[in-house]
Amino acid sequence: EYNSCLDLARQDPSTAYEHAVGWQGLGGGEAAQHCQAVALMYLGKNDEAAYRLERLAETTRLPPERRAEMLAQAAQAQLMLNNLERANANQTVAIGLDPKNPDLYTDRSVTLFAAGDFAGAVRDLDRAILLAPKRAEPFALRAAAKRFMDQTDAALRDAEEAVALSQGHYPEALLERGILRRLKGDKAGARADWIA
């Protein structure tokens, strides 16, 4: 019920919130509270969601991986509020709780990127790629970070890898490769990527 409630929170947050409130009344405990907080985030109530998720992560007796998930979600809400330092702090604690989770490094790289720390973003993405070498997203994000560091050749290699891993079905990878192709003077290649 826990995982299905969290899935519903992403797809239909209003229904999930009502369900979680009822579930809490029936003894759903921390799992129901977690679901409520995630539903609030998807309803755009990021302040309240971040507060609840951070508080729950501090007090819960659930396993470290769940605490890390709560903090990652709190960071997501803080990022929406442009609270980059708070998001980074939550993500750093989450990584400490679940250091083999590539999503946590990928998430923190986005925060670091938003803060202008492109080298820090690349370090986190290196780690994410080591942990999950067949995922396109970290390669596409690392391509963007390297582009901002004027490492165009290395960025293009990452973008190519992202496109290959996603078999051309990941728009962000195509967008990034198109930007890099344009920077390298390949206007036709850039146009093809952007059309795709």
task: Take Asp153 and Lys146 through the test salt bridge (charged side-chain N to carboxylate O under 4.0 Å, His left out) and record every step on the way to the result.
output: CA-CA 9 Å; Asp153 291 337; Lys146 286 179 178 177; over 6 Å; no
So which atom in [X] and which in [Y] form the shortest heavy-atom distance, rounded to 0.1 Å?
| X | Y | answer |
| --- | --- | --- |
| Ala37 | Ala49 | O-CB, 3.4 Å |
| Leu43 | Ser14 | CD2-OG, 3.5 Å |
| Ala143 | Asp158 | CB-CB, 3.8 Å |
| Trp23 | Ala31 | CH2-CB, 3.5 Å |
| Ala50 | Ala77 | CB-CB, 3.9 Å |
| Gly168 | Leu174 | O-CD1, 3.4 Å |

Atom [atom1] in [X], atom [atom2] in [Y]: separation rounded to 0.5 Å?
| X | Y | atom1 | atom2 | answer |
| --- | --- | --- | --- | --- |
| Lys45 | Tyr17 | NZ | OH | 9.0 Å |
| Arg181 | Asp186 | CZ | CG | 5.5 Å |
| Cys35 | Asn3 | SG | CG | 10.0 Å |
| Asp47 | Leu81 | CG | CG | 5.0 Å |

Any heavy-atom pair between the side chains of [Y] and [X] that's under 4.5 Å?
| X | Y | result |
| --- | --- | --- |
| Gln33 | Arg52 | no |
| Leu53 | His34 | yes |
| Asn46 | Met41 | yes |
| Glu1 | His19 | yes |
| Leu84 | Leu79 | yes |
| Gln76 | Tyr42 | yes |
| Ile179 | Glu176 | yes |

- request: In plain terms, say whether Arg67 and Asp98 are close enough for a salt bridge, that is, a side-chain N and a carboxylate O under 4.0 Å apart.
  value: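 No salt bridge links Arg67 with Asp98.
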field: Note: Glu54-Arg86 ion pair, threshold 4.0 Å (strictly below)
entry: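 A salt bridge links Glu54 with Arg86.
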Taking atom [atom1] of [X] as the centre, does the number of heavy atoms from other residues, nucleotides or ligands within less than 6.0 Å exceed 12?
| X | atom1 | value |
| --- | --- | --- |
| Gln167 | CD | no |
| Tyr51 | OH | no |
| Arg191 | CZ | no |

message: Applying side-chain contact (heavy atoms from CB on, under 4.5 Å) to Ile129 and Arg142, what does each step give before you reach the verdict?
response: CA-CA 10 Å; Ile129 288 165; Arg142 194 170 71 174; 3.6 Å; yes
- prompt: Yes or no on side-chain contact (heavy atoms from CB on, under 4.5 Å) for Leu141 and Phe113, after CA distance, side-chain angles and deciding distance?
  reply: CA-CA 9 Å; Leu141 291 169; Phe113 189 100; over 6 Å; no
Could you state whether [X] and [Y] fall into the same hydrophobic cluster, counting links through intermediate Ile, Leu, Val, Met, Phe, Trp or Tyr residues with side-chain heavy atoms under 4.5 angstrom apart?
| X | Y | result |
| --- | --- | --- |
| Val122 | Phe118 | yes |
| Leu131 | Leu97 | no |
| Met149 | Leu125 | no |
| Leu175 | Leu180 | yes |
| Val21 | Leu40 | yes |

message: Asn88 vs Glu85, test: side-chain contact (heavy atoms from CB on, under 4.5 Å). Steps then yes/no.
response: CA-CA 5 Å; Asn88 189 328; Glu85 283 183 30; 5.7 Å; no
side-chain hydrogen bond (donor to acceptor under 3.5 Å, both in side chains) evaluation trace for Asp107 with Thr111: CA-CA 7 Å; Asp107 288 351; Thr111 303; over 6 Å; no
query: Out of Arg108, Arg135, Glu69, which one pairs with Asp103 under the side-chain contact (heavy atoms from CB on, under 4.5 Å) rule?
result: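 By the side-chain contact (heavy atoms from CB on, under 4.5 Å) criterion, Asp103 pairs with just one of Arg108, Arg135, Glu69: Arg135.
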task: Quickly, which of Asn90, Val38, Leu56 forms a side-chain contact (heavy atoms from CB on, under 4.5 Å) with Gln73? Name it, please.
output: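 Single side-chain contact (heavy atoms from CB on, under 4.5 Å) partner of Gln73 among Asn90, Val38, Leu56: Val38.
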query: Does the pair Asp124 and Thr106 meet the rule for a side-chain contact (heavy atoms from CB on, under 4.5 Å), with working shown?
result: CA-CA 7 Å; Asp124 272 355; Thr106 302; over 6 Å; no
field: Any donor-acceptor N/O pair, Arg10 side chain to Leu6 backbone, under 3.5 Å
entry: yes
- prompt: Just by distance, do the side chain of Tyr105 and the backbone of Lys100 share a donor-acceptor pair under 3.5 Å?
  reply: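 No; judged by distance alone, with no hydrogens or angles, the pair does not exist.
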message: Among Glu161, Glu172, Glu160, which residue satisfies the salt bridge (charged side-chain N to carboxylate O under 4.0 Å, His left out) criterion with Arg177?
response: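 Going through the options one by one, the only one that passes is Glu160.
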